[in-house]
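This one's a predicted model, so the numbers in the text were calculated from it and none came from an experiment. Labels below follow one simple rule: chain letters A, B, ... track the order of the sequence lines, proteins then strands, and each chain is numbered from 1.
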Amino acid sequence: MLLRIAGLCRPAPVAITVFGHVVLAYPGESLAASLIAAGITRFGEGISPRLAFCHMGVCQQCLVRVDGRLVQACLTPVAAGQVVA
Amino acid sequence: MMHDIAVLGGGPAGMAAATEAARAGARTVLLEESPRPGGQVYRSPAFDGPRDADRRAGDALRAALAESGAEVVCGHRVWGLGGGPLVAEGAAPFTLSALGAEISARALILATGTHERIIPFPGWTLPGVLGLAAATILLKAQGVLPGRRVVVAGVGPLLYAVAAKILAAGGQVVALVDGATNADWARALPTLAARPDVLARGLAWRARIAAAGVPVLMAARVTEALGDSVLSAVRVDGRLMPADALCIGHGLVPATEASRTYRAAHVHEPGLGGWVPVLDADRRTTVRLLYAAGDGSGVRGAAAAPASGRLAARAALRDLGFAPGGRDPAGAFARAAAAGAAMAGMMALRPALVAAIPPDTVVCRCEGISRAQIEAAADAGAGTMNQLKHFCRLGMGPCQGRMCGDAAAALLAARQGMPIAAVGFHTGRIPLRPVPMDAILGDFDYADIPVPAPAPL
Amino acid sequence: MTYDCAIVGAGVMGCSTALFLARAGMRVVLLDRGEICREASGVNAGTLTMQMTRAALVPYALRAHEMWLRMPEWCDGRGVLATACPGLSVAFTPQEAAMLEERAAARRAAGAPIEMISGAAAQAIEPGLADGVLLAGHCPIDGFCSAYLTGLAFRGALLNAGVTLLENTPVRGVAGRFVLDTPAGPIGATRLVLAGGVWLQDMAAWLGVSLPIKVLVNQLIVTERLAPVMRTVLGVASGLLSLKQYANGTVLIGGGWQGIGDRLRGGLAVKPESFLGNIRLAAHTVPALRDARVVRSWLGLEAETADALPVIGPVPGVADAWTIGAVHSGYTSGPYMGKILAQAILGQTPELPLFPMERL
């Protein structure tokens with residue numbers, strides 16, 4: 001919970017798999033926020049490293065594959081059982 | 001179904017525009033990419049928490065929209081624009097293609113907001129570096145701190161808002177690095193005094209920052225972000241500060257891709273954030289039945305956005321033969337816009353930051369194009385942004401030039417000894433954002449593809 | 001001063017004509033109302049294939065193909081990343097197979113080394129190709145290049161050759177033989193070359209000559225960078241698809257689907273239905289593209305005469321005036337067309353015959 005702000009009414013966490021590791025996340029969060037809260041700030045390699053930069057769907061730097069499909073992590077809601085690669 | 005008025009973008013301007021239009025009896029639809037309307041400033045938080053002023057303002061706009069009778073289509077990315085002037089015969093209803101929705105409307109109001117300007121510096125592509133507006137979203141909508149030890153840097157009021165929010169959430173702010181001078185702020189004060197609520201909030205942020213003992217460095221700038229694979233330190237004019245996050249922003253850039261796609265005339269106004277559509281007093285663009293409102297038509301802040309949206313809606317209503325109701329928002333807009341103008345002026349592009357970009361620093365993140373490569377293309381004869389794209393691929397990547405366009409235009413213009421306006425902007429084209437093919441392909445048989453007749457043999 | 005030759009239109013035709021004339025010693029001025037190679041020459045699909053080339057143009061395209069591949073050798077070190085690779089034109093239906101055989105036969109007769117192969121053989125050449133191909137035309141010497149680099153590639157060589165390049169200088173009319181009316185003042189030249197693409201019709205009118213030009217508004221679509229999904233230049237029998245993946249991973253989807261635009265307004269907009277049809281055809285042909293994201297679409301204007309053959313040669317009734325343009329798949333043949341027109345202007349016999357407009 002180190003980076004998650006206390007005092008908010010979060011639902012029960014769910015488990016997702018991120019680059020092979022199980023991570024707890026809260027439905028309602030964006031995948032980008034969940035990854036940052038889990039200490040994962042570098043998502044992969046492109047021309048420059050993949051990372052969440054604008055958090056509003058503009059910069060296209062946070063592309064990840066979720067359940068095989070290419071998505072922007074900042075615009076993708078967390079859901080139980082997601083596999084992020 | 002044919003709508004009378006479509007509104008693209010569900011921030012404060014778009015919400016108010018759709019509300020105004022629907023209340024007057026126009027069949028109105030609002031399209032928004034996020035799951036709920038609100039825009040970046042009033043983004044609906046993921047989790048319930050304390051209700052601050054922004055939350056109350058956003059909730060009020062959302063409630064009015066919900067009661068207005070406007071159809072609200074959320075969670076759909078609009079990728080295609082057609083109709084309007086983009087037809088062989090010269091004019092037609094506007095068509096918007098979203099993932100999962102097709103909309104037609106007689107009139108279209110653009111309320112597409114802004115994206116953040118971040119002038120490149122060494123290390124800005126390191127994970128851990130993020131935008132100031134991005135930090136606001138992370139903090140307010142997601143309830144997540146950007147890091148444990150955060151440097152907050154750039155220009156404008158968002159600096160103080162982000163730093164105060166980090167502190168309130170229990171985070172540590174290593175330093176607040178303000179590119180403006182105390183004199184810049186003093187000049188903005190008289191217009192801010194006309195908005196006691198805004199002034200009071202700003203003072204509260206500063207009080208919290210002072211109480212926490214955060215160093216506030218004025219007229220300072222981040223010269224480098226350092227780290228092996230992620231951020232570990234930030235250099236500010238020679239001082240090295242350990243940090244695991246850097247929130248940095250240098251102002252807001254109006255998102256004009258839709259008005260550019262419709263070939264509306266644009267003008268470069270640094271005090272409005274850069275390129276903006278040419279508008280009349282009622283927010284008509286140069287394209288018939290196309291209007292623009294909110295920060296996407298020129299940065300004037302969230303407080304001015306609803307009145308600007310209402311102005312646009314009322315012009316559209318009158319042009320379509322409807323009678324707008326209620327009070328004319330022109331006065332309210334003028335007052336709010338005056339306060340917004342002072343902040344927008346402070347957040348305008350700062351040529352000194354552009355001049356300080358080192359030659360080997362990447363400017364176009366998507367294509368990995370450095371300042372030196374931009375200048376080499378300029379020296380090889382590129383004189384406009386469209387030609388720069390051809391000469392070095394700047395802007396050809398998935399962000400479609402949004403992150404780099406502003407800085408690159410300033411670099412190109414400086415190298416050519418021309419004003420920024422002379423280098424122009426990238427021609428607007430669909431898709432408005434990158435769009436996954438499988439999301440639009442649908443089910444089809446080969447025989448159903450309407451392959452045109454072959455060329456002569 | 002009076003130039004030996006004024007060339008109006010700085011696309012690939014105008015640029016190559018200017019380059020070869022200047023290198024032969026002529027004082028050349030090259031004018032464009034916009035920037036060098038920013039219309040069709042800079043925004044086309046960069047396809048170097050014999051399988052979309054009109055049969056009558058195959059001998060020219062073969063020679064131009066060689067020029068593109070060796071461009072740095074004749075263009076002062078600059079090129080357009082031309083890449084030779086096999087080309088496939090595929091048929092999914094019996095009707096397409098018949099069309100493919102007929103078209104390939106005509107092109108083969110004109111010198112294109114196209115052989116007919118099975119779907120399985122085509123998949124061996126192009127593993128990215130979908131199942132269900134009945135027949136494919138295979139041309140081992142096709143290829144592609146990055147058309148957006150054309151202006152950059154020509155610009156330095158033109159300046160080195162002494163060409164006066166006047167970009168953003170629209171010619172408003174021509175008086176006498178020849179004084180060009182421009183915002184930069186009158187420009188005199190003893191010879192005139194009109195190289196204005198779809199605007200050739202307006203340019204010919206300056207000389208009192210009628211040259212009807214049909215405007216094709218060709219659509220292009222590009223994906224973001226992908227892992228390798230294909231390695232050939234790929235089309236369908238009708239020619240309404242062109243696909244290639246560049247070294248940087250982007251896949252360019254074209255084929256001549258029509259968008260909105262005209263001579264006056266330029267390439268205005270992609271039609272959503274053409275956008276969808278084009279990407280469906282692409283994804284049907286290379287299924288891995290389903291996973292791609294489309295980043296951008298755009299349009300380029302292509303000129304076509306009444307008989308869909310070029311106008312390269314003298315202007316009837318106006319001594320020392322020439323046209324070059326309206327070459328189907330003109331980019332592919334472009335540099336060679338400029339070379340042979342330059343030969344004619346210099347009083348030499350062109351290596352291959354020109355296409356004088358007097359036939360029209």
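The closest side-chain heavy-atom distance from H55(A) to T136(B) is not below 4.5 Å. In this structure, V144(B) and I5(A) have side chains that are not in contact, with every pair of non-hydrogen atoms separated by 4.5 Å or more. The shortest distance between side-chain heavy atoms of F53(A) and P127(B) does not fall below 4.5 Å. Residues R43(B) and M56(A) meet the side-chain proximity criterion, which asks for heavy atoms closer than 4.5 Å.
Heavy-atom pairs under 4.5 Å with chain A were tallied for G171(B), A135(B), P398(B); the largest tally goes to P398(B). For the options G7(A), A52(A), C59(A), heavy-atom pairs under 4.5 Å to chain B are most numerous at C59(A).
Residue A32(A): no heavy atom, backbone or side chain, is found under 4.5 Å from chain B. Only the side chain of E33(B) comes within less than 4.5 Å of a heavy atom of chain A; its backbone N, CA, C and O stay farther away. Only the backbone of T114(B) comes within less than 4.5 Å of a heavy atom of chain A; no side-chain atom from C-beta onward does. Contact of I118(B) with chain A is made through the side chain alone, with heavy-atom distances under 4.5 Å. In this structure, chain A has a heavy atom under 4.5 Å from the backbone of P146(B), while its side chain stays farther away. Both the backbone and the side chain of Q142(B) have a heavy atom closer than 4.5 Å to some heavy atom of chain A. There is no contact between P77(A) and chain B, counting heavy-atom distances below 4.5 Å. Only the side chain of L75(A) comes within less than 4.5 Å of a heavy atom in chain B; its backbone stays farther off.
In this structure, C74(A) SG and L138(B) CG are separated by 10.5 Å, a value rounded to the nearest 0.5 Å. The structure places CG of D244(B) at 7.5 Å from CG of L3(A), a figure rounded to the nearest 0.5 Å. I36(A) contributes atom CD1, which lies 6.5 Å from atom CG of L130(B) (distance to the nearest 0.5 angstrom). Expressed to the nearest 0.5 Å, how far SG of C54(A) lies from CD1 of I137(B) amounts to 7.0 Å.
Proximity of a side-chain donor or acceptor of R42(A) to a complementary backbone N or O of S229(B) within less than 3.5 Å is detected. A donor-acceptor pair under 3.5 Å is absent between the side-chain atoms of R69(A) and the main chain of D438(B), judged by distance alone.
Between Q60(A) and P434(B), the shortest heavy-atom distance links the atoms NE2-CD, 3.5 Å.
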Any chance you could lay out the side chain to side chain contact (heavy atoms under 4.5 Å, CB included) test for L8(A) and D48(B), step after step, and finish with the verdict?
-> CA-CA 6 Å; L8(A) 302 177; D48(B) 233 356; over 6 Å; no
Evaluate the side chain to side chain contact (heavy atoms under 4.5 Å, CB included) criterion for residues E116(B) and V58(A): first the C-alpha distance (whole Å), next the side-chain angles of each, then the deciding distance (0.1 Å), finally the verdict.
-> CA-CA 9 Å; E116(B) 198 160 28; V58(A) 174; over 6 Å; no
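For Q72(A) and R433(B), the side-chain atoms include no donor-acceptor pair closer than 3.5 Å.
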